[in-house]
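Labels below follow one simple rule: chain letters A, B, ... track the order of the sequence lines, proteins then strands, and each chain is numbered from 1. If you're wondering where the values come from, they're calculated on a predicted model, not measured in any experiment.
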There are 2 protein chains.
Amino acid sequence: MAKFQTVDIGRSASAASIIFAALRRAIVEGDLADGEPLRQDEIARSFNTSRIPVREALTMLEQQGLVKTERYKGAVVAGLSMAEATEIFDFRALVEAEVMRRAVPKMTAEVLDTARACLERFAAASDPMHYGDLNREFHETLYRASALPYHLGVIENAMDRIDRYLRAQLVLSDGMERARREHLAILDACAKGEAERAAALTAEHILGARDSLAEHMGSVSR
Amino acid sequence: MAKFQTVDIGRSASAASIIFAALRRAIVEGDLADGEPLRQDEIARSFNTSRIPVREALTMLEQQGLVKTERYKGAVVAGLSMAEATEIFDFRALVEAEVMRRAVPKMTAEVLDTARACLERFAAASDPMHYGDLNREFHETLYRASALPYHLGVIENAMDRIDRYLRAQLVLSDGMERARREHLAILDACAKGEAERAAALTAEHILGARDSLAEHMGSVSR
DNA sequence: GTATCGGATATTGGATCCAATATTCAATAT
DNA sequence: ATATTGAATATTGGATCCAATATCCGATAC
C-alpha cells in the first residue's frame, strides 16, 4: 500500500507542451495578430529554453493549422480568409448540432446547473475578453454530456481556428446581448429534454455568428 | 522572362516531413501493428538522419492521434478501442454525407469520369491491399468537388485513424462485393444530380462498414 | 525459493554547435 | 537615378553531445 502521496513529477508536462499551450492560447485569444512572425530564438529566450522545444511547439501548432511555416523563413500566425472562416462556421454548425442532439438525453441536473452558472458568470463578467472563455465553457459543458470525445476534440480544433474573430465580433454591437439570449434558449431546450430543438438552436446560433462576422468584417485577413 | 526551368530545390520537403509521411503511411496501411513501439534511434538510422527530425515527425503523428508518446518511454502506434472506432465512423457518416450533399451540384463530367475510372480499377485490382487506396481515392474524388478544403482535411484525418481496420475488414467475406455495389449506387446518384440520395447512401455506406467491423471483430484493440 | 534492492543499459528530452539559405544594404555599373 | 551585384546579417533545419529516468537483471536478505 502506498503510504505517501505520489506527485507524478515525471509526468509533468514537457517544455515543448508548455510552450505549445502558451502560444496556442495567445493565438486563440488574438493576442498575436494574423501574420505575426514567431521567431524561434525570441520565444526560446522568453521561456529560458533552447530552440529545440520551441520548434516542437511550432510543429504542433502547424499541425493544428494555427501557424504556417516556410523553410528558412519561419512561422507566422495563420490568418483565415473569409471563405475559410465561413467554411469552419458551417462545419461547426453541422457537428455541434449533432453532438447537442446526442448530448441532451444524457444531461444530468448537475450538467445543467454548471451550464446555468456559466451563463450567470457570463452576464456578470466585467472583462469583455473573458466572454470568449465563458462562451466556450458553456458550450463545452453541454457537449461533454454526449460522451463523444473524438467529436469534442474536432470541435475544439475548429473553435481554436476562429475564436479570435468570434471574440472580436462578440464585443461589437449587439453580439453580447444576442449570445446571451440564444444561450438561454439553448439551455431551456436542454432542460426540457427537447434534443431536436436544442440541436436546431445550436446550428442557428453558430450560423448567426457566421453571418454577423461576415457583415462586420468585409474580409478577415489576406 | 525565365529562360530556364526552375526546380525549387529550396522548397523540397524537409527531412521531418518525409519521415512523417513514411510513418503515417505505414500506420494507416496497417504495416505497423497497434502498440508497436517506434524507437527514435532505429528510425533515425533507417533514414540516415539524426533523431531530431524523427522527433519532429513523431510530434506530428501524435497531434494527428496516430501515436501516443509517454515521457522516457517513447511513442507507440495508437490503437483504437471499439467505442473510439465506432465514434469515428459516426463522425464520418455525419460529415461525409454533408460534404457529398454539397458536392453533387458541383460535379462536372470530368469528376464523374475520374470516379468511374476509380471503380473500374477497384474491380480489376489484384492486390487486396491496394483496395484501400482506391477506396479513398474514389470518395475523395467526389468530395473534392464540394470545394470545402477544411472539411476534406478533417475527413482525411478521421479516415487515417480507422483505415487499417477498414482495410482488414474489406478483404473479409463479402466486404469487397458490398463496397463495389454501394459505390456504384453512390456514383449513380451523383450522376443523376440527386444530392439527397447520394448523401443518404454515403451515410449508409459508412455506417454499414461500422457495423460490419463491429461484428467481425469483437474488440479492435486494447 | 522468493521478494527486494542496486547498478548497468536503453531511451528519451533538451542544450549547444554547425550548415544552408533568405534578406538586407551598401557599392558599383549603366 | 536606377538597377544589379555581392558581402554581412538573421534565421531556420539538422547533427552531436549531455542530463534524466525507465527498464532489466543479478545479488542479497529473509
Show every donor-acceptor pair shorter than 3.5 Å between a side-chain atom in residues 107-120 of chain A and any protein atom, with sequence neighbours excluded, or say none if there are none.
| unit_1 | atom_1 | unit_2 | atom_2 | d |
| --- | --- | --- | --- | --- |
| A/Thr108 | OG1 | A/Glu110 | N | 3.4 |
| A/Thr108 | OG1 | A/Val111 | N | 3.2 |
| A/Thr114 | OG1 | A/Glu110 | O | 2.8 |

Mind listing the side-chain donor-acceptor pairs of residues 142-149 of chain B below 3.5 Å, one per line with the distance, residues two or more places apart or on another chain?
| unit_1 | atom_1 | unit_2 | atom_2 | d |
| --- | --- | --- | --- | --- |
| B/Tyr143 | OH | B/Glu96 | OE1 | 2.4 |
| B/Tyr143 | OH | B/His139 | ND1 | 3.4 |
| B/Arg144 | NH1 | B/Glu140 | OE2 | 3.2 |
| B/Ser146 | OG | B/Tyr143 | O | 2.7 |
| B/Ser146 | OG | B/Leu148 | N | 3.3 |

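Within the structure, ring-ring contact (aromatic ring centres under 6.0 Å, His included) contacts touching residues 29-54 of chain B (residues at least two apart or in different chains) do not occur. Applying the side-chain hydrogen bond (donor to acceptor under 3.5 Å, both in side chains) test to every pair with at least one member in residues 49-62 of chain B, sequence neighbours left out, gives these pairs: B/Gln40-B/Arg51, B/Glu62-B/Thr69. Applying the salt bridge (Lys or Arg N to Asp or Glu O under 4.0 Å) test to residues at least two apart or on different chains, the pairs with a partner in residues 13-25 of chain A are A/Arg24-A/Glu156, A/Arg24-A/Asp160, A/Arg25-A/Glu29, A/Arg25-A/Asp133.
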Under 4.0 Å protein heavy-atom contacts per nucleotide of nucleotides 10-20 of chain D, with B for base, S for backbone only and - for none: -SBBBBB---B
